**Student:** 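What follows is a structure written as structure tokens; I'll ask about it next.
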Amino acid sequence: MAQFDLSNRGTFGSKFGIIAAAAGSAIGLGNIWRFPYITGQNGGAAFLIVYLFFVFAIGIPVMLSEFVIGRATQRNPFGAFRKLAPGKPWWLVGVLGIGAAFMILAFYGAVGGWTIEYLIQSIGNTFKGKDAAELQIMFNSFLSDPVRPVIWQLLFMAITALIVLSGVEKGIERFAKVLMPVLLVIIIILDIRSVTLPGAREGLEFLFKPDFSKINASVIFEALGQAFFSLSIGMGTLITYGSYIHKKDNLANTAVIVSLADTFIAILAGIAIFPAVFAFNIAPAVEEGLVFVTLPTIFQQLPGGYFFMLLFFVLLIIAALTSSISVLEVVVAFSVEELKIPRKKATLLATAAISVLGVMCALSWGGLSEFKILGTHFFGLLNSTSTKIFLPLGGLLIVLFVGWGYGKSKVKNELSNQGDLRSRLFKLFMFLVRFIAPIAIALVFLNGLGILKF
Ligand code: PFF
């Protein structure tokens with residue numbers, strides 16, 4: 001079989017394209033569906049502060065490390081580590097990443113399917129006249145339906161595969177460039193709607209006025225997992241995207257802009273949701289249903305609610321797709337480059353394999369609700385294990401590699417585009433990847449798993 005030809009690899013066409021694609025990966029259901037309910041469950045503002053600390057002290061250094069590894073090698077995560085550290089077991093990070101990609105896309109695709117269902121319900125205006133309790137019942141009965149969650153999950157996966165099939169620049173980049181700015185505009189409209197509700201203040205206080213007594217090992221563990229999940233780091237997604245970044249682009253700027261944009265959108269999502277939740281007296285801890293139960297309650301009581309509801313679910317689907325394509329791309333790039341499977345076949349095979357797990361997630365409240373592992377259903381298991389364990393573990397190994405394994409001068413060369421850029425914050429970056437990030441991840445881990453108690 002012909003050797004894989006590097007000149008055939010895709011690249012991102014423009015600087016804005018890279019930022020849009022990477023931000024598209026980062027900004028997704030993690031910001032809009034997961035961030036609000038995890039924040040709600042973990043005490044609001046105190047959680048937000050821990051989360052922000054992790055984004056800056058750990059998230060940005062891990063993201064930049066991934067870009068360095070990806071662009072230096074122009075390979076998928078597995079191939080990248082084999083190229084940079086031949087004969088050493090660092091390629092295992094790539095294997096871990098593929099595992100995480102399978103787990104994440106399985107439950108992500110299921111939630112992607114929910115957004116399709118809810119868009120269709122919004123079009124049909126079926127929420128009309130129902131209160132929060134009735135909408136909770138409606139959500140639960142949808143989740144336990146034996147067919148609909150599966151059909152929509154498969155449709156969501158099929159759309160993801162179609163975009164990935166059209167290749168890096170023509171598919172992913174073009175898609176992200178157009179849709180990410182639309183997303184920002186829609187969410188700002190939603191925010192204005194929400195903060196002008198009577199009683200919005202309590203929601204804003206919940207989100208921004210910290211009660212530090214609420215911080216414990218589990219809150220910290222959740223915040224770390226959420227930071228990794230939201231930034232798309234720890235499994236090689238951004239190694240893969242980094243491998244498509246042009247040699248002349250500024251990696252550090254890109255990592256900072258993408259992380260800020262991701263954090264900004266999560267906070268905007270919180271501002272859209274919490275004031276509204278409090279204004280209508282809905283408990284913020286309704287778990288995975290927060291967005292799907294409370295927002296229809298709120299929107300249908302607002303002037304123009306029908307229109308805002310539609311916009312919201314369109315937004316959620318767009319955000320979900322620009323993320324799901326990046327997860328699938330990890331598996332596809334690996335299959336093409338390492339297993340030498342043609343891109344089209346690789347995409348179809350990966351999508352089919354992930355969809356099998358995805359169906360099990362989609363059925364976690366339906367046909368498979370009795371199927372429990374460690375006391376939790378399949379969806380919950382993949383959701384929490386991948387984010388809290390796989391991603392931080394991958395991130396830990398990635399920063400250890402860049403901090404200690406790769407070689408300081410090589411890292412500096414890549415970050416400065418072989419000396420073309422001034423790298424003012426290089427020392428700070430090295431300090432973070434060598435000491436702060438690995439020690440912090442390790443401590444949160446041991447503490448969160450109950451192995452060490454602080
Ligand atoms: N960051 C995405 C979100 O917040 O929705 C989810 C995600 C994408 C996680 C890609 C991990 C990943 F590699």
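Order of listing sets the numbers, starting from 1, for every ligand and every atom in it. It should be emphasised that the depicted structure is a prediction, and the values quoted were computed from it without experimental measurement.
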**Student:** What part of S232 sits under 4.0 Å from ligand 1 if we count only heavy atoms: the side chain, the backbone, both or neither?
**Tutor:**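 Within the 4.0 Å criterion, S232 contacts ligand 1 through backbone and side-chain atoms alike.
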**Student:** Ligand 1 and L231, any nitrogen or oxygen pair closer than 3.5 angstrom?
**Tutor:**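 It does not: no N or O of L231 is found under 3.5 Å from an N or O of ligand 1.
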**Student:** Does any N/O atom on G30 come nearer than 3.5 Å to any N/O atom on ligand 1?
**Tutor:**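 Indeed, backbone or side chain, G30 has an N or O that close.
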**Student:** Return yes or no for this condition: an N or O of S230 is under 3.5 Å from an N or O of ligand 1.
**Tutor:** yes
**Student:** Closest non-hydrogen protein atom to atom 12 (C) of ligand 1, residue and atom name please, with distance?
**Tutor:** T237 OG1, 3.5 Å
**Student:** Ion pair present between R71 and E414, side-chain N to carboxylate O less than 4.0 angstrom?
**Tutor:**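 Judged by the 4.0 Å cut-off on N to carboxylate O distance, R71 and E414 do form a salt bridge.
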**Student:** What I want to find out is whether E329 reaches R343 closely enough, with some N-O distance under 4.0 Å, to be called a salt bridge.
**Tutor:**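 Salt bridge between E329 and R343, a charged N being under 4.0 Å from a carboxylate O: yes.
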**Student:** Does F229 reach ligand 1 with a nitrogen or oxygen that is under 3.5 Å from one of the ligand's nitrogen or oxygen atoms?
**Tutor:**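 For ligand 1, there is an N or O atom that lies under 3.5 Å from one belonging to F229.
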**Student:** Give the residue, atom name and distance (to 0.1 Å) of the protein heavy atom nearest atom 2 (C) of ligand 1.
**Tutor:** S25 O, 3.3 Å
**Student:** Look at the aromatic rings of F379 and H377 and report parallel, tilted or perpendicular, splitting at 30° and 60°.
**Tutor:**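 Ring orientation of F379 relative to H377: perpendicular.
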**Student:** Hey, does N31 come in under 3.5 Å of ligand 1, counting only N/O atoms on both sides?
**Tutor:** yes
**Student:** Go through ligand 1 atom by atom and flag the ones less than 4.0 Å from a non-hydrogen atom of V327.
**Tutor:** 8 (C), 10 (C), 12 (C)
**Student:** Between N76 and T240 (side chain of the first, backbone of the second, donor and acceptor by atom type, cut-off under 3.5 Å), is there such a pair?
**Tutor:** no
**Student:** Is the number of heavy atoms from other residues, nucleotides or ligands under 6.0 Å of I451 CD1 greater than 12?
**Tutor:** yes
**Student:** If I apply the N/O under 3.5 Å rule, does I27 come out as touching ligand 1?
**Tutor:** no
**Student:** Specify whether F107 and F229 have parallel, tilted or perpendicular ring planes, treating 30° as the upper limit for parallel and 60° as the lower limit for perpendicular.
**Tutor:** parallel
**Student:** Of all the non-hydrogen atoms in the protein, which one sits nearest to atom 4 (O) of ligand 1, and at what distance?
**Tutor:**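 Heavy-atom neighbour on the protein nearest atom 4 (O) of ligand 1: A26 O, 2.9 Å.
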**Student:** Only heavy atoms of L29, strictly under 4.0 Å: list the atoms of ligand 1 that pass.
**Tutor:**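 In order of number, 5 (O).
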**Student:** Relative to each other, are the rings of F401 and W90 parallel, tilted or perpendicular (30° and 60° limits)?
**Tutor:**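 Aromatic pair F401/W90 classed perpendicular.
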**Student:** So Y118 and F292, would you call those rings parallel, tilted or perpendicular, with 30° and 60° as cut-offs?
**Tutor:**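 Taking F292 first and then Y118, their aromatic rings stand perpendicular (interplane angle over 60°).
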**Student:** Distance alone, cut at 3.5 Å: any donor-acceptor contact between the side chains of D262 and N31?
**Tutor:**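 Indeed, the side chains of D262 and N31 share at least one donor-acceptor pair under 3.5 Å.
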**Student:** Heavy-atom contact check, 4.0 Å cutoff: does Y108 meet ligand 1?
**Tutor:**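 It does; at least one heavy atom falls under 4.0 Å.
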